[in-house]
Amino acid sequence: AQKVTQAQTEISVVEKEDVTLDCVYETRDTTYYLFWYKQPPSGELVFLIRRNSFDEQNEISGRYSWNFQKSTSSFNFTITASQVVDSAVYFCALSEEAGGGNKLTFGTGTQLKVEL
Amino acid sequence: KAGVTQTPRYLIKTRGQQVTLSCSPISGHRSVSWYQQTPGQGLQFLFEYFSETQRNKGNFPGRFSGRQFSNSRSEMNVSTLELGDSALYLCASKRTTGTGGQRETQYFGPGTRLLVL
């Protein structure tokens, strides 16, 4: 069975600090997809990034960067120079190739608070 | 392009009643999935519809049901509401043309907040 673990329940940082959100996943499938979503107080889940299991190239997009390591089953997300607007709950999610359908398995989320 | 829309945004019901929530996917998207979010259980998959057929179902009782129309709009229904059904219900759509849809991204709507008293 697939599982996603986000061990950090809440993180508080001061604006302009860098912050890394951890995600560890479990799957028996060799082909799978990993996602990060952001949920601001309004409730809508905002898509941030998708990674395929066969593509371990890490990516940087503006202040965001992602570190995918299959050897440790981790898919961590870093915000550089955090801003107050980054305050939200961040979810890591997993979708397997097998089993059909479009089920996303989510972690429990990490509440990020960025203060002035 | 308009995003996923959900109606109503807020709803208050009493135990024993039933409720119907609506979701309109992004134009051109044919797959619609529903998720329940609660403080205790987090985000949990309810079911997914594609081409008016339920393709996948989560571990929820039969009180939770859904359907999809020919225009890809979807509704979910919860009968005999319980206090524990209070949650944020999120709908997501993706383009997918059939199998292999796992690699595509689901885009979420703003959700419907249901409070059961």
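Everything numeric in this text was worked out from a predicted model, so none of it was measured. Chain identifiers are assigned alphabetically (A, B, ...) following the order of the sequence lines, protein sequences preceding nucleic acid strands; residue numbering begins at 1 within each chain.
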Any side-chain heavy atom of B:Tyr35 within less than 4.5 Å of one from A:Phe106? yes
Does any backbone or side-chain atom of A:Ser42 lie under 4.5 Å from a heavy atom of chain B? Answer side chain, backbone, both or neither. backbone
Indicate yes or no: at least one non-hydrogen side-chain atom of B:Phe47 is less than 4.5 angstrom from one of A:Lys103. no
Side chains of B:Gln41 and A:Thr108, heavy atoms from C-beta outward: is any pair under 4.5 Å? no
Decide whether A:Val19 and A:Val24 are clustered together by the hydrophobic rule: side chain heavy atoms of Ile, Leu, Val, Met, Phe, Trp, Tyr closer than 4.5 Å, transitively. no
Does atom NZ of A:Lys113 have more than 12 heavy-atom neighbours from other groups under 6.0 Å away? no
Distance in Å, A:Arg50 CZ paired with B:Gln106 CD, rounded so as to fall on 0.5 Å steps: 11.5 Å
B:Asn71 CG: over 12 foreign heavy atoms closer than 6.0 Å: yes
Is it the case that over 12 heavy atoms from other parts of the model lie below 6.0 angstrom from the NZ atom of A:Lys16? no
In this structure, would A:Trp36 and A:Val13 fall into the same cluster of hydrophobic residues linked by side-chain contacts under 4.5 Å? yes
For residues A:Tyr37 and B:Leu43, determine if any side-chain heavy atom of one lies less than 4.5 Å from a side-chain heavy atom of the other. no
To the nearest 0.5 angstrom, please state how far the CG atom of A:Leu104 sits from the CD atom of B:Gln44. 13.5 Å
Report, as yes or no, whether the 6.0 Å neighbourhood of atom CZ on B:Arg15 holds more than 12 heavy atoms from other residues, nucleotides or ligands. no
Quick one: what part of B:Gln6 sits under 4.5 Å from any heavy atom of chain A, side chain, backbone, both or neither? neither
